[in-house]
Amino acid sequence: MREPLPADMFDELCPSSLNPIRFGDKWAPLIIRCLEHGPRRFSELRVPLNRVTPKVLTQSLRSLERDGLVLRTVYAEATPHVEYELTPLGRSLLEPLAVAYAWVAEHWDELLDAREAYDDAARLDRAG
């Protein structure tokens, strides 16, 4: 039995949400991180990725599969199920993602300040 993914793995203040470096779509790096320690079912991925709608999660998984980063395996057993796991190509992204996450953690305050300043300026432009 594998250890479940923690529900708070990606809380709202997670540095990954500020990461300006994109690997695939917005959710791809989070999915890749969830699959880092082995295959997972869709329902397992939904726990830490609770802010992602099932439709968008499905689209992201399909995109990652199309790019050769994720392998989707269908088990036609008494209780059929599907599991997703990283391919060797997908696993090769773990190191660059770790570097990107470290960069975000180092520049967290600057990123938040920049976004806040931008949003404030945009509000002023709309108001005036």
Side-chain angles (χ1 to χ4, degrees):
M1 185 76 183
R2 58 186 166 227
E3 188 174 322
L5 294 170
D8 63 350
M9 187 172 175
F10 305 113
D11 66 19
E12 289 186 36
L13 296 178
C14 175
S16 58
S17 65
L18 283 180
N19 193 348
I21 303 163
R22 298 282 186 221
F23 296 88
D25 64 36
K26 176 180 180 178
W27 303 108
L30 303 182
I31 294 168
I32 290 169
R33 188 120 186 243
C34 287
L35 297 174
E36 181 175 3
H37 299 293
R40 296 290 180 170
R41 291 182 177 195
F42 187 87
S43 60
E44 291 178 280
L45 295 172
R46 292 276 303 134
V47 174
L49 299 171
N50 57 29
R51 293 177 303 172
V52 186
T53 65
K55 177 183 176 183
V56 171
L57 180 55
T58 297
Q59 290 170 339
S60 293
L61 284 163
R62 285 182 183 158
S63 177
L64 289 167
E65 184 181 9
R66 181 175 183 259
D67 290 341
L69 302 174
V70 168
L71 176 67
R72 180 180 184 268
T73 305
V74 178
Y75 294 92
E77 300 170 349
T79 307
H81 67 278
V82 174
E83 287 187 343
Y84 299 91
E85 65 182 306
L86 293 176
T87 64
L89 183 61
R91 295 200 76 70
S92 74
L93 272 176
L94 292 172
E95 188 175 336
L97 278 173
V99 171
Y101 287 136
W103 182 88
V104 169
E106 184 179 333
H107 298 283
W108 174 263
D109 291 333
E110 294 164 86
L111 289 164
L112 284 175
D113 291 346
R115 288 187 179 188
E116 186 176 316
Y118 181 91
D119 291 346
D120 289 346
R123 274 191 291 277
L124 287 174
D125 285 346
R126 284 191 303 267

Colleague: Above 12 or not: heavy atoms from other molecules or residues under 6.0 Å from CD of Glu77?
Modeller: yes

Colleague: Could you pull out all residues at least two apart from Arg40 that satisfy side chain to side chain donor-acceptor pair (under 3.5 Å)?
Modeller: Glu44

Colleague: Rounded to the nearest 0.5 Å, what separates atom CH2 in Trp27 from atom OG in Ser63?
Modeller: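 Here the rounded value is 15.0 Å.
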
Colleague: Check whether Tyr118 and Val104 end up in the same hydrophobic cluster, where Ile, Leu, Val, Met, Phe, Trp and Tyr are linked by side-chain heavy atoms less than 4.5 Å apart.
Modeller: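 No, separate clusters.
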
Colleague: Are Leu57 and Leu35 connected into the same hydrophobic cluster when the rule is that any two of I, L, V, M, F, W, Y join if their side-chain heavy atoms are below 4.5 Å apart?
Modeller: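 Yes.
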
Colleague: Of all the heavy-atom pairs spanning Asp25 and Ala28, show the shortest one and how long it is.
Modeller: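 That would be OD1-N, 2.8 Å.
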
Colleague: Ignoring hydrogens and geometry, is there a side-chain-to-backbone donor-acceptor pair from Thr58 to Pro54 under 3.5 Å?
Modeller: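 It does hold such a pair.
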
Colleague: List in chain and number order the residues that pass side chain to side chain donor-acceptor pair (under 3.5 Å) with Arg123, two or more places apart in sequence or in another chain; answer none if no residue qualifies.
Modeller: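 Listed in chain order: Asp120.
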
Colleague: Would you say Val47 and Phe42 are hydrophobically clustered, going by side-chain heavy atoms of ILVMFWY under 4.5 Å?
Modeller: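 No, because Val47 and Phe42 fall into different hydrophobic clusters, even though each may have its own neighbours under 4.5 Å.
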
Colleague: Can you sort out the partners of Arg41 under side chain to side chain donor-acceptor pair (under 3.5 Å), two or more places apart, ordered by chain and number?
Modeller: His81

Colleague: Side-chain heavy atoms under 4.5 angstrom apart, residues restricted to Ile, Leu, Val, Met, Phe, Trp, Tyr: same cluster for Val99 and Trp108?
Modeller: no

Colleague: Once rounded to the nearest 0.5 Å, what's the spacing between atom CZ of Arg115 and atom CG of Asp113?
Modeller: 12.0 Å

Colleague: Looking only at non-hydrogen atoms, find the nearest pair between Gly90 and Ile32 and report the distance.
Modeller: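 Taking Gly90 first and Ile32 second, the nearest heavy atoms are O-CG2, 4.4 Å.
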
Colleague: Given 3.5 Å as the limit, does a donor-acceptor pair link the side chain of Arg33 with the main chain of Ala98, or not?
Modeller: no

Colleague: CG/Leu112 to NE2/His107 distance, rounded to the nearest 0.5 angstrom?
Modeller: 13.0 Å

Colleague: Which pair of heavy atoms, one from Leu45 and one from Cys34, lies closest together, and at what distance?
Modeller: CD2-CB, 3.5 Å

Colleague: Give the cluster check for Tyr84 versus Tyr75: same hydrophobic cluster or not, with ILVMFWY residues linked at side-chain heavy-atom distances below 4.5 Å.
Modeller: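 Tyr84 does not cluster with Tyr75.
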
Colleague: Hey, mind stepping through Leu86 and Val70 against side chain to side chain contact (heavy atoms under 4.5 Å, CB included) and telling me if it holds?
Modeller: CA-CA 5 Å; Leu86 293 176; Val70 168; 4.2 Å; yes

Colleague: Going by side chain to side chain contact (heavy atoms under 4.5 Å, CB included), Leu69 matches just one of Leu64, Leu61, Ile31. Which one?
Modeller: Leu64

Colleague: Are Val56 and Ser60 close enough, and set up right, to give a side chain to side chain contact (heavy atoms under 4.5 Å, CB included), and what steps lead you there?
Modeller: CA-CA 6 Å; Val56 171; Ser60 293; 4.3 Å; yes

Colleague: If you round to the nearest 0.5 Å, how far is CG of Leu71 from CG of Leu89?
Modeller: 12.0 Å

Colleague: Would Glu83 and Arg2 pass as an ion pair if we require N to O under 4.0 Å?
Modeller: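 Counted as a salt bridge, because a side-chain N and a carboxylate O are separated by less than 4.0 Å.
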
Colleague: Evaluate side chain to side chain contact (heavy atoms under 4.5 Å, CB included) for Arg62 paired with Arg66, printing each intermediate quantity in order.
Modeller: CA-CA 6 Å; Arg62 285 182 183 158; Arg66 181 175 183 259; over 6 Å; no

